[in-house]
J.: 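There's a structure below that I have some questions on.
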Amino acid sequence: MGAVQGGRGQGVEDRHRLGVQGVRTGGSTSSTDGPGTGPGGLQDTRVAGFGGHGVLGGAGAAPLNTPVPPALSERGSGACPAPLGTGTGELGAAVQGPGGCWVQGLGMLGEKHTEAAMEKDPSCYQDEAKTVAGDGPGAKGTDTQLDDFVGAHPDYNEEEEEQKYFRRKRLGVVKNVVAASLAGTLTYGVYLGLLQMQLILHYDETYREVKYSNIQLEDIDHKVLMGINVTPVAALLYTPVLIRFFGTKWAMFLAVGIYALFVSSNYWERYYTLVPSAVAIGVAIVPLWASMGNYITRMAQKYYEHVNYKEEHVQEQQRAPRGACNTYIVVFQTVFYTCFHLSFVCAQMPMLFFLNHYLYQLNHTLFGVKHCGTLSHGTLPGFNKTVLQSLPRSINLIIVESVLMAAAFLAMLVVLVLCGSAYRPTEEIDLRSIGWGNIFQLPFKHMRDYRLRHLFPLFIYSGFEVLFVCTGFSLNYGVCALGLEKLAYLLMAYGFSASACSSLALCMLRLRRQIPLLAGALLHAALLVTLFCWAPEPRNLVQAPLLYAIIVLWGTGSALNKTGISILLGMLYEDKERQDFIFTIYHWWQALAIFTVYLWSGLPMKAKLSIMLLTLAVAVGTYLWMEHKLAQHVAYRLPRIPRPRHKMRGYRYLEEDDSDETGSEGDGSKDDSDDHPSEATNGDEQPKDDDDQLG
């Protein structure tokens with residue numbers, strides 16, 4: 001029915017072989033003898049057709065009797081007839097243009113006819129492209145499904161979703177603070193409780209002779225205490241390196257694991273188990289509490305960032321304005337110390353529920369005691385060498401130690417699972433990329449800051465008072481008057497008081513920051529004077545109310561002291577790259593003070609009280625002098641933190657001024673020369689603005 005012009009003597013099969021295309025164009029007939037070769041080797045030729053249909057042929061085309069697809073044959077009256085040979089969907093479609101019907105094939109039309117068509121109607125091909133894109137079967141449905149899949153939900157509110165996201169981030173920070181506080185409470189409670197129980201058991205002569213007759217358990221206990229108290233003296237040398245190497249969270253986890261190791265060593269009490277584990281405890285004491293203080297302060301700063309996420313300096317990850325995080329530092333440190341002081345309560349559980357059932361009454365244990373309180377020398381002279389009326393069974397000891405081990409393991413899991421990272425991964429890399437030599441030196445360089453130097457006496461007194469209340473006051477005053485069976489109740493009263501009164505530090509939100517610290521110092525000064533002048537009578541239970549009142553007030557002063565110092569350090573040193581150094585220095589001086597208390601155990605009580613009272617007076621004076629110098633805008637020296645130097649290559653940031661850029665393209669020498677590396681290691685920077693000096 002159709003005839004091909006220019007294809008003489010060719011049948012229908014020849015049209016398929018030559019790849020010609022037939023079309024009916026508005027009742028007129030035109031022809032071409034110059035087929036153009038299109039992609040894939042297909043030859044396209046514009047041909048005239050008659051008989052009501054055109055033919056689209058080509059390589060691989062269907063025969064002429066191929067049925068027309070319904071989607072193409074059911075067009076309107078003005079539409080082009082569907083081309084034959086498109087049953088497989090491979091070769092093109094007929095479209096309706098303003099100048100007639102055209103066949104859009106896979107190949108390219110001949111150059112002459114392309115130019116002629118464009119001269120006839122330039123918009124023809126644009127209409128054809130639109131028609132081809134939109135006339136395919138199911139095209140509109142596909143576009144709708146695609147829009148539903150990748151497009152914005154009609155009910156999506158970006159601002160509301162952003163608020164929900166940062167609300168979850170804030171809840172995560174609160175979870176981190178509570179988890180770290182609970183982990184610290186469990187860890188220190190297990191450590192104190194086990195140490196107290198073992199020292200009481202090992203003090204009894206009968207227990208030592210019956211169970212450990214030939215291992216000199218008393219000498220082992222002496223070396224255990226020496227390992228715990230002497231080892232932290234060297235902590236300043238390795239604590240910053242340890243925290244920077246492992247990261248804040250993993251340093252906490254490692255230290256808590258060492259405390260759990262100390263608990264496990266008591267299953268088999270021998271020299272080679274107890275002494276090494278005690279030395280390990282001494283190694284871990286300063287890293288644990290330094291990383292814990294740094295962690296709580298960092299959580300306060302992160303909470304500020306999640307609250308003020310729309311601020312430009314937060315989005316650019318720049319330093320917050322001075323004092324912006326103070327509110328959250330006060331609240332989070334208060335939460336931490338409220339939980340931490342409960343560790344003194346938890347530590348008395350083994351004695352309260354287990355050991356008290358085996359103790360003699362005060363008339364037996366205090367029979368040889370002649371003097372108490374300020375008249376005593378050493379640690380409770382005259383105390384009976386036998387305090388156990390019956391020896392506990394080994395299986396009962398194993399059960400108690402297993403409970404303590406489970407609590408220590410729970411603390412490890414809390415840190416591992418519930419505590420998030422204190423820094424972003426890129427920040428952790430930056431913190432350790434300043435060089436291990438610089439990390440080692442920076443704690444010593446920070447001591448040149450007069451603000452920190454003026455706080456050294458306060459750090460030392462903080463170590464004095466906590467160990468004095470657990471040993472000097474509890475034994476020479478409390479046990480001497482009430483008996484060993486009341487020791488647990490005295491320390492529980494101290495723990496509850498300190499925990500409850502830690503919330504008094506919240507007054508820093510309304511009052512000047514000096515108020516809590518000075519209030520705690522004055523309270524302790526009054527109590528020290530009272531203890532200096534008072535010697536309770538041995539075995540006199542009438543004095544119990546006064547003893548409980550003194551230890552409750554002492555807990556109040558301890559809470560204000562410890563919470564106030566940590567808050568003050570967080571306010572003075574807001575740079576996240578300095579905080580681990582600052583808290584390391586703080587807890588190292590505390591450890592030195594505890595070591596001093598261990599050394600003076602044989603001194604008269606009046607000498608101990610005099611040293612503490614003198615230290616407290618010096619601490620208050622130097623602290624007030626520091627605040628005065630800050631108020632006068634006296635410049636302080638801060639060591640310059642060197643820029644991170646990365647050896648790795650590749651991207652880690654999307655910002656332009658990122659620390660990974662140095663040396664990544666061979667420009668490290670330029671950056672280093674601009675930054676004056678001599679000043680980075682040895683130079684100090686002076687604060688330029690008065691606001692930076694106010695702390």
Side-chain angles (χ1 to χ4, degrees), residues 162-163 165-177 180 247-249 291-336 420-431 434 442 446 449 451-452 505-506 508-510 512-513 564-583 586 630 633 635-636 638-644 653-659 685-695:
E162 192 177 39
Q163 292 176 354
Y165 171 78
F166 282 101
R167 187 184 304 121
R168 290 193 299 268
K169 299 289 281 185
R170 293 194 295 271
L171 290 176
V173 170
V174 174
K175 178 260 298 177
N176 292 341
V177 172
T248 303
K249 173 188 173 179
S291 57
M292 198 76 75
N294 181 30
Y295 188 82
I296 299 300
T297 306
R298 276 295 300 147
M299 289 301 108
Q301 294 174 341
K302 293 184 73 173
Y303 194 88
Y304 167 81
E305 294 173 0
H306 298 329
V307 170
N308 301 276
Y309 59 90
K310 293 184 178 180
E311 299 292 335
E312 183 178 357
H313 64 271
V314 175
Q315 296 178 354
E316 297 294 333
Q317 298 183 14
Q318 297 175 352
R319 180 180 173 181
R322 180 165 293 277
C325 305
N326 288 354
T327 299
Y328 307 111
I329 291 175
V330 171
V331 174
F332 286 3
Q333 291 289 357
T334 300
V335 171
F336 172 75
S421 178
Y423 298 91
R424 301 180 184 92
T426 51
E427 291 175 337
E428 293 275 9
I429 295 173
D430 286 345
L431 289 176
I434 64 175
L442 280 169
H446 276 86
D449 183 0
R451 299 175 298 172
L452 205 56
L506 294 174
M508 284 188 174
L509 298 175
R510 292 290 180 262
R512 301 181 66 181
R513 67 189 181 198
I565 290 177
S566 295
I567 292 173
L568 180 63
L569 292 178
M571 290 180 174
L572 293 180
Y573 298 92
E574 295 180 326
D575 297 341
K576 59 189 176 185
E577 64 269 15
R578 302 182 189 274
Q579 290 164 356
D580 52 346
F581 300 131
I582 302 304
F583 281 99
Y586 166 41
L630 287 177
H633 306 306
Y636 48 82
L638 274 179
R640 192 175 186 280
I641 302 295
R643 288 188 61 190
Y653 301 98
L654 297 178
E655 291 84 354
E656 295 180 358
D657 299 331
D658 59 292
S659 57
E685 58 180 7
Q686 299 287 344
K688 300 289 174 54
D689 301 328
D690 291 340
D691 293 339
D692 291 339
Q693 303 173 29
L694 294 178

J.: Is it the case that the side chain of Arg578 and the backbone of Pro639 share a donor-acceptor pair, with hydrogens and angles ignored and the cut-off at 3.5 Å?
T.: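 Checked: pair present.
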J.: Any salt bridge between Lys576 and Glu305, counting N to O under 4.0 Å?
T.: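 The answer is no: the pair does not qualify as a salt bridge.
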J.: In this structure, are over 12 heavy atoms from other groups packed under 6.0 Å from Gln318 atom CD?
T.: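 Yes, CD of Gln318 has more than 12 neighbouring heavy atoms, counting only those of other groups under 6.0 Å.
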J.: Without hydrogens or angle criteria, can the side chains of Thr297 and Glu574 be said to hold a donor-acceptor pair below 3.5 Å?
T.: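 Distance-only check fails for Thr297 and Glu574.
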J.: Taking side-chain hydrogen bond (donor to acceptor under 3.5 Å, both in side chains) as the test, write out the residues that go with Lys249, two or more places apart.
T.: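 With neighbours one apart ignored, the set is empty.
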J.: Can you find a pair of side-chain heavy atoms, one from Leu569 and one from Gln579, that are under 4.5 Å apart?
T.: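 Leu569 vs Gln579: side chains apart.
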J.: What pairs with His306 under side-chain hydrogen bond (donor to acceptor under 3.5 Å, both in side chains), at least two apart in sequence or on another chain?
T.: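 His306 satisfies side-chain hydrogen bond (donor to acceptor under 3.5 Å, both in side chains) with no residue once adjacent residues are dropped.
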J.: I want to check something: taking the side chain as every heavy atom from C-beta on, are Met508 and Ile567 in contact at a cut-off of under 4.5 Å?
T.: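 Yes, side chains in contact.
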J.: Going by heavy atoms in the side chains, are Arg513 and Leu568 under 4.5 Å from each other?
T.: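 A side-chain contact exists here, since the closest heavy-atom pair is under 4.5 Å.
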J.: Relative to each other, are the rings of Tyr303 and Tyr328 parallel, tilted or perpendicular (30° and 60° limits)?
T.: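 Plane angle between 30° and 60°, so tilted.
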J.: Is Arg451 close to Leu638 at the side-chain level, that is, under 4.5 Å between some pair of heavy atoms?
T.: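 Yes - at least one pair of side-chain heavy atoms lies under 4.5 Å apart.
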J.: If we ignore hydrogens and angles and just use 3.5 Å, is the side chain of Asp575 paired with the main-chain N or O of Glu577 as donor and acceptor?
T.: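 No; zero donor-acceptor contacts below 3.5 Å.
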J.: Do the side chains of Tyr309 and Glu162 get nearer than 4.5 Å, heavy atoms only?
T.: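 Yes, side chains in contact.
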J.: Do the side chain of Asn176 and the main chain of Gly420 share a donor and acceptor less than 3.5 angstrom apart?
T.: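 Indeed, once roles are kept as given, a pair shorter than 3.5 Å links the two residues.
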